[in-house]
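What follows is a single structure, written as structure tokens, with notes after it.
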Amino acid sequence: MDVIDIPLVLAWVREIAAAVEQQEARLTELDSAIGDGDHGSNLRRGFTAVLAALDTLDEPASVGAVLTRTGSTLISKVGGASGPLYGSAFRAMGAALPGETADPAEFAAALAAGLAAIRKLGAAEPGDKTVVDAWTPALAAFERTADTGLAAAAGSAAEAAAQGVLDTVPLQARKGRASYLGPRSVGHPDPGAASTELIFRALATALGRLKPSG
Amino acid sequence: MKKLINTPDTVLADALAGFAAAHPELAVDLDNRVIARGSRPAAPKVAVVSGGGSGHEPLHGGFVGPGMLDAACPGEVFTSPVPDQLLAAARAVHSGAGVVFVVKNYTGDVLNFGLAAELAAEEGIEVRTVLVNDDVAVEDSTWTAGRRGTGATVMVEKAVGALAERGAGLDEVAALGARVNAASRSFAIALTAATVPAAGKPGFDLPEDEIEVGVGIHGEPGRRREALRPARELVAEVVDTVLADHDLTAGDEVIALVNGLGGTPLLELYLVYGEVHARLAERGIRIARNLVGNYVTSLDMAGFSLTLTKAGPELLELWDAPVATAALTWT
């Protein structure tokens with residue numbers, strides 16, 4: 001059966017941590033252009049703490065427990081806007097996945113809950129040049145392709161997120177620190193959208209490598 | 001870029017340890033990253049707590065002490081503190097009369113202080129939030145994150161702290177904070193960019209003969225770039241920009257803050273103050289009180305911000321009330 005189980009969701013979060021570590025400099029560079037240049041270091045600090053927190057999480061009872069712990073740790077450790085925003089997204093995904101496994105439809109619903117949490121807390125709309133502009137197309141792609149299998153759906157979600165990042169380039173930021181630049185924020189990709197792409201790429205990588213049992 | 005640091009990751013912890021060593025009169029919790037007063041109030045009083053990213057020193061830790069803040073929470077460099085930290089601060093200084101959070105209007109600060117206020121409420125600690133958003137460089141509309149909180153934070157924290165010291169109630173203290181913020185406007189220009197230790201290089205490149213106009217305090221670029229000109233012309237532009245957004249008229253009194261952003265000598269700040277004083281005098285606006293120096297900095301950024309707060313007798317009295325903190329002290 002094509003499901004996400006606990007080892008797989010753990011692998012996903014660890015894959016995000018590895019990607020953030022590897023891409024820290026690039027995220028910081030993107031943030032320097034239109035923000036304050038700390039998005040990479042903040043996320044690295046957060047996911048380093050997440051890895052430590054997951055190591056002390058014995059026998060998670062559900063897929064959601066892993067994501068809830070991830071979200072709580074991000075809220076506790078990151079600060080800035082990205083801590084509460086990503087933290088709330090992971091906590092919302094965690095709350096939506098109470099079982100030991102999640103099928104593609106359930107996982108899509110969790111991704112939707114994560115996006116809803118970000119939009120509620122950040123009051124961001126598509127087109128504001130934020131995380132929302134990568135997560136929204138990624139979710140749509142995942143939902144559209146969910147019946148072709150998890151790995152394929154995650155792959156198309158990652159591609160859609162990447163396109164979403166490119167699509168933020170001509171936008172003028174209307175939320176977050178980049179909004180202070182007004183028209184000068186045009187011409188740069190949004191760093192938050194870029195880190196969202198990493199999250200979806202990590203999902204595709206984890207699913208491609210680890211086949212769930214059962 | 002040369003920095004006096006051990007490692008980029010330990011800048012905050014190392015600096016906080018140094019601050020604690022330098023100020024034994026304060027209670028510095030190195031684990032939770034909370035700077036609090038060294039002693040509890042004799043009678044319950046409203047506790048005033050602020051916080052924000054590090055890199056703006058002396059804001060906020062330098063303003064903890066009798067007459068001003070009860071506690072401050074430094075976040076990572078240019079990154080808001082986390083909710084757990086703010087909750088620890090609220091718990092540490094709550095004496096039964098509630099807590100006022102003074103929050104600069106940045107998305108991260110608003111989110112983290114908001115989460116902390118919810119957590120505190122669950123524990124029965126009543127919290128009111130005063131949002132500081134005085135920077136006229138940002139258009140205040142639904143299409144931006146709103147105006148940034150900058151120099152007015154000093155005015156708000158001083159006034160609110162003084163009123164809380166007199167035993168005023170929670171709502172009264174919070175309402176005063178909102179009024180002081182509403183009476184304040186700021187604008188800044190930068191001659192150089194700030195260098196975040198973890199990034200190791202300036203946030204933006206600025207040619208030798210150009211300045212950034214309308215910068216914030218987080219190393220982000222400003223609204224536009226202009227040619228460097230004599231201070232008199234630059235100050236005129238800054239004063240006029242602030243006044244254009246203010247309701248000041250001839251005969252009004254203000255508290256003026258000429259604030260260095262971290263990399264500008266006092267010599268130049270006093271020169272700027274002289275120009276501000278003259279320009280305001282031409283408009284019939286009198287500076288009743290002033291502060292000249294580095295109060296709300298942006299690491300090593302060169303440049304200054306001007307904050308004008310319209311001041312009636314109530315605010316001047318609170319401003320003159322005694323204060324004893326690391327960065328602001330008078331009797």
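All chains are named by letter (A, B, ...) in the order of the sequence lines, taking the proteins before the strands, and each is independently numbered beginning at 1.
For B/Asp205, no part lies under 4.5 angstrom from a heavy atom of chain A. Neither the backbone nor the side chain of B/Phe204 comes within contact range of chain A; no heavy atom of the residue lies under 4.5 Å from a heavy atom of that chain. At a 4.5 Å heavy-atom cutoff, B/Val110 makes no contact with chain A through either its backbone or its side chain. Of the atoms belonging to B/Arg225, heavy atoms from both backbone and side chain fall under 4.5 Å from chain A. Contacts between A/Ala33 and chain B at a heavy-atom distance below 4.5 Å involve the backbone alone (N, CA, C, O).
Atom NZ of B/Lys3 has more than 12 heavy atoms from other residues, nucleotides or ligands within 6.0 Å. At most 12 heavy atoms of other shown residues, nucleotides or ligands fall within 6.0 angstrom of atom CD in B/Glu208. The local environment of CD in A/Glu100 is sparse, with at most 12 non-hydrogen atoms from other residues, nucleotides or ligands closer than 6.0 Å. Remark: A/Glu143 CD is packed, more than 12 non-hydrogen atoms of other residues, nucleotides or ligands lying under 6.0 Å away. Counting non-hydrogen atoms of neighbouring residues, nucleotides and ligands closer than 6.0 angstrom, the CZ atom of A/Arg91 reaches no more than 12 such neighbours.
Salt-bridge annotation for B/Glu212 and A/Arg184: present, with a side-chain N of the basic residue lying under 4.0 Å from a carboxylate O of the acidic one.
Note on B/Thr107, B/Val215, B/Val196, B/Thr79: by heavy-atom pairs under 4.5 Å with chain A, the leading option is B/Thr79. Note: A/Asn42 leads A/Val78, A/Ile34, A/Asn42, A/Thr28 in heavy-atom pairs under 4.5 Å with chain B. Interface summary for chain B: among A/Ala178, A/Ala123, A/Pro84, the most heavy-atom pairs under 4.5 angstrom belong to A/Pro84.
Side-chain contact between A/Leu121 and B/Leu111 is present, with at least one heavy-atom pair separated by less than 4.5 Å. Put simply, the side chain of A/Leu181 does not reach to within 4.5 Å of the side chain of B/Arg224, judged on heavy atoms.
In terms of modelled atom types and a separation under 3.5 Å, the side chain of B/Asn112 and the main chain of A/Gly80 share a donor-acceptor contact.
When all heavy atoms are compared, the tightest approach of A/Asp38 to B/Phe78 is OD2-O, 3.4 Å.
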CA sep, side-chain torsions, deciding dist, call: B/Asp84, A/Ser76, side chain to side chain contact (heavy atoms under 4.5 Å, CB included): CA-CA 6 Å; B/Asp84 306 19; A/Ser76 292; 3.0 Å; yes
Side chain to side chain contact (heavy atoms under 4.5 Å, CB included) evaluation trace for A/Arg44 with B/Asp9: CA-CA 11 Å; A/Arg44 178 179 55 78; B/Asp9 285 345; 3.3 Å; yes
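Distance check: A/Ile75 CD1 to B/Leu119 CG gives 9.0 Å after rounding to the nearest 0.5 Å.
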